[in-house]
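Working notes for the structure below.
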Amino acid sequence: MNRSTRTPPARRYTVLSADGTPIGYRTMGDGPGLIVVGGALRTAEDYLPLASALARSFTVHLVERRGRGASGPLGPRYTLGKEVDDLLAVQAETGARSAFGHSYGGLVVLETARSSRVLDRIAVYEPGVPCLPVPTAWMDPYRERLAAGDPHGAFVHFIRGSGGAPAFVSRMPYWYLRLALRVAFRGPSWQRMLPLLDANLAEHGQLAAQYGRLAEFAAVTAPVLLLCGGRTARASRAEFDALRDTLPDAVLETLGGLDHFGPEGKNASVVAERVLAFLR
């Protein structure tokens with residue numbers, strides 16, 4: 001196995017956030033500090049290929065966001081601000097001055113940079129900064145299905161209603177999609193996702209609450225690399241255009257052939273190479 005695909009040894013640490021919640025993170029590699037923050041329905045495990053590639057040039061601190069792994073629960077008063085506090089706690093402990101965020105994690109990184117000056121350079125992949133209203137009609141039936149012990153049924157409501165799926169999926173009958181998901185979603189990745197379904201609801205609630213705040217991100221002074229996938233829907237890419245135009249020092253690049261999940265799995269090295277070129 002060559003160096004680019006080998007997972008370097010990771011040391012595990014925990015730091016207390018401002019509200020006392022323990023936040024776990026894994027540290028690997030050598031060089032300047034770089035914090036990695038993942039998205040909704042994902043754990044640190046999903047970003048190990050990305051972190052391993054970045055660790056060729058950086059000391060990578062891969063955060064296990066609250067509600068996951070060794071970190072504490074979201075808590076009853078969960079807000080985006082709690083996630084910012086968590087990132088600030090990891091930054092204070094590690095001294096890292098760069099950060100990468102994916103999806104909801106990208107929103108966390110940008111909100112941290114907006115409200116503080118602890119980050120010198122930032123890279124984000126399809127960050128969840130809404131420029132358009134976020135669909136919320138799926139949330140009540142999703143919550144009801146979770147309460148009824150039907151996670152696959154809940155996930156169908158999320159896929160059909162959150163706006164991320166192709167149009168033809170939203171037209172499929174509920175019963176058919178639920179059956180298809182029971183076949184397609186199983187194994188280790190589904191087992192990691194199951195405990196995150198409640199957090200997914202809370203995090204998307206916070207995502208929806210950010211609509212109307214785009215102009216506030218003009219306060220981000222750090223240089224930002226804004227990445228999106230070439231297979232991402234045009235409407236979403238238009239939102240990234242608007243975010244680029246709002247940020248004072250940002251460049252937007254499209255990575256051909258990738259979708260929203262570009263930083264994960266086999267394509268992680270493609271994202272990592274572009275991030276490394278920007279951050280070095």
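Below, each value reflects all heavy atoms present in this structure, side chains not excepted, and no hydrogens, waters or symmetry copies. Numbers here simply count residues along the sequence, with the first being 1.
- Cluster membership check: L255 does not share its hydrophobic cluster with L226, using side-chain heavy-atom separations under 4.5 Å among Ile, Leu, Val, Met, Phe, Trp and Tyr.
- Side-chain contact between L201 and F158 is absent, with no heavy-atom pair separated by less than 4.5 Å.
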Practice item. Could you please spell out the steps behind the side chain to side chain contact (heavy atoms under 4.5 Å, CB included) verdict for L107 and Q210? Key: CA-CA 10 Å; L107 171 62; Q210 308 313 308; 4.0 Å; yes
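- Hydrophobic clustering places L50 together with L48 (ILVMFWY residues linked when any side-chain heavy atoms are closer than 4.5 Å, directly or through intermediates).
- Between S71 and T21, every side-chain heavy-atom pair lies at or beyond the 4.5 Å cut-off.
- Of the inter-residue distances, the one linking L227 atom CG with F100 atom CZ reads 7.0 Å to the nearest 0.5 angstrom.
- Counting only residues at least two apart or in different chains, ring pair (Phe, Tyr, Trp, His ring centres under 6.0 Å) contacts with residues 238-280 comprise H102-H260.
- With E126 contributing its side chain and G229 its backbone, the two residues share a donor-acceptor pair below 3.5 Å.
- The 12-atom threshold is not exceeded at CZ of R77, counting heavy atoms of other residues, nucleotides or ligands nearer than 6.0 Å.
- Atom CZ of R213 sits in a crowded spot, with more than 12 heavy atoms from other residues, nucleotides or ligands closer than 6.0 Å.
- In terms of modelled atom types and a separation under 3.5 Å, the side chain of R66 and the main chain of L74 share a donor-acceptor contact.
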Could you walk me through whether H152 and W190 satisfy the side chain to side chain contact (heavy atoms under 4.5 Å, CB included) test, starting with their C-alpha distance in whole Å, then the side-chain angles of each, then the deciding distance to 0.1 Å, before giving a yes or no?
CA-CA 10 Å; H152 286 95; W190 176 247; 3.6 Å; yes
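- Distance CD/E203 to OG/S103: 9.5 Å, rounded to 0.5 Å.
- Note that CG of D241 is 7.5 Å distant from SG of C228, once rounded to the nearest 0.5 Å.
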- Item | R274 and E253: CA distance, side-chain angles, deciding distance, salt bridge (charged side-chain N to carboxylate O under 4.0 Å, His left out) verdict | CA-CA 9 Å; R274 188 62 203 99; E253 295 187 11; 2.4 Å; yes
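- Contact between V109 and L87 at its shortest, heavy atoms only, is CA-CD2, 4.0 Å.
- L276 and I35 fall into different hydrophobic clusters, defined by Ile, Leu, Val, Met, Phe, Trp and Tyr side-chain heavy atoms under 4.5 Å apart, directly or through other members.
- Residues that satisfy the side-chain contact (heavy atoms from CB on, under 4.5 Å) test with Y174, not counting sequence neighbours, are R145, D150, V156, H157, R160, R178.
- Listed for the D46 side chain is a donor-acceptor partner under 3.5 Å among the backbone atoms of T43.
- Taking the side chain as every heavy atom from C-beta outward, I159 and L181 approach each other to under 4.5 Å.
- Considering every non-hydrogen atom in both A113 and V220, the closest pair reads CB-CG1, 3.9 Å.
- With hydrogens and angles ignored, the 3.5 Å screen pairs a side-chain donor or acceptor of E239 with a backbone N or O of C131.
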Run the side chain to side chain contact (heavy atoms under 4.5 Å, CB included) check on T27 and V60 step by step: do they pass?
-> CA-CA 5 Å; T27 296; V60 177; over 6 Å; no
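- Both V124 and L247 are assigned to one and the same hydrophobic cluster, defined by single-linkage of ILVMFWY side chains at heavy-atom distances under 4.5 Å.
- Looking at D19 and D85, their side chains never come closer than 4.5 Å, going by heavy atoms from C-beta outward.
- Taking CG from D249 and CG from L225, the interatomic distance works out to 11.0 Å, rounded to the nearest 0.5 Å.
- Closest of all the heavy-atom pairs between A10 and R26 is CB-CB, 4.2 Å.
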Problem set entry | Pair Y13-H61, ring-ring contact (aromatic ring centres under 6.0 Å, His included): steps then yes or no | CA-CA 9 Å; Y13 301 99; H61 308 289; 7.9 Å; no
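- Side chains of V15 and Y25 form a contact here, defined as non-hydrogen atoms less than 4.5 Å apart.
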Could you please spell out the steps behind the side chain to side chain donor-acceptor pair (under 3.5 Å) verdict for Y104 and Q206? CA-CA 10 Å; Y104 189 79; Q206 284 299 298; 5.3 Å; no
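- In this structure, R42 and R65 have side chains that are not in contact, with every pair of non-hydrogen atoms separated by 4.5 Å or more.
- Remark: the backbone N or O of L54 is not paired with any side-chain donor or acceptor of R56 at under 3.5 angstrom.
- Going from atom CD of E216 over to atom OG1 of T246 covers 11.0 Å, rounded to the nearest 0.5 Å.
- Taking every heavy atom of both residues into account, P223 and D120 meet most closely at CD-O, 3.1 Å.
- Residues L62 and A51 come closest through the heavy atom pair CD2-CB, 4.1 Å.
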- Task: Verify side chain to side chain contact (heavy atoms under 4.5 Å, CB included) between V118 and L88, making sure each step is shown before the conclusion.
- Result: CA-CA 8 Å; V118 300; L88 288 173; 3.8 Å; yes
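- Y142 places a side-chain heavy atom less than 4.5 Å from the side chain of L197.
- In the model, R280 has a side-chain atom that pairs as donor or acceptor with a side-chain atom of S57 under 3.5 Å.
- The distance from atom OG1 of T79 to atom CD of E111, rounded to the nearest 0.5 Å, is 9.5 Å.
- Residues R121 and S98 have side chains in contact (heavy-atom distance under 4.5 Å, counting atoms from C-beta outward).
- The heavy-atom pair separating L196 from L41 by the smallest distance is CD1-C, 3.6 Å.
- Although no hydrogens or angles enter the test, the distance criterion places a donor-acceptor pair under 3.5 Å between the side chain of R237 and the main chain of T232.
- The hydrophobic clustering, which links ILVMFWY residues whose side-chain heavy atoms are closer than 4.5 Å, places L207 and M139 apart.
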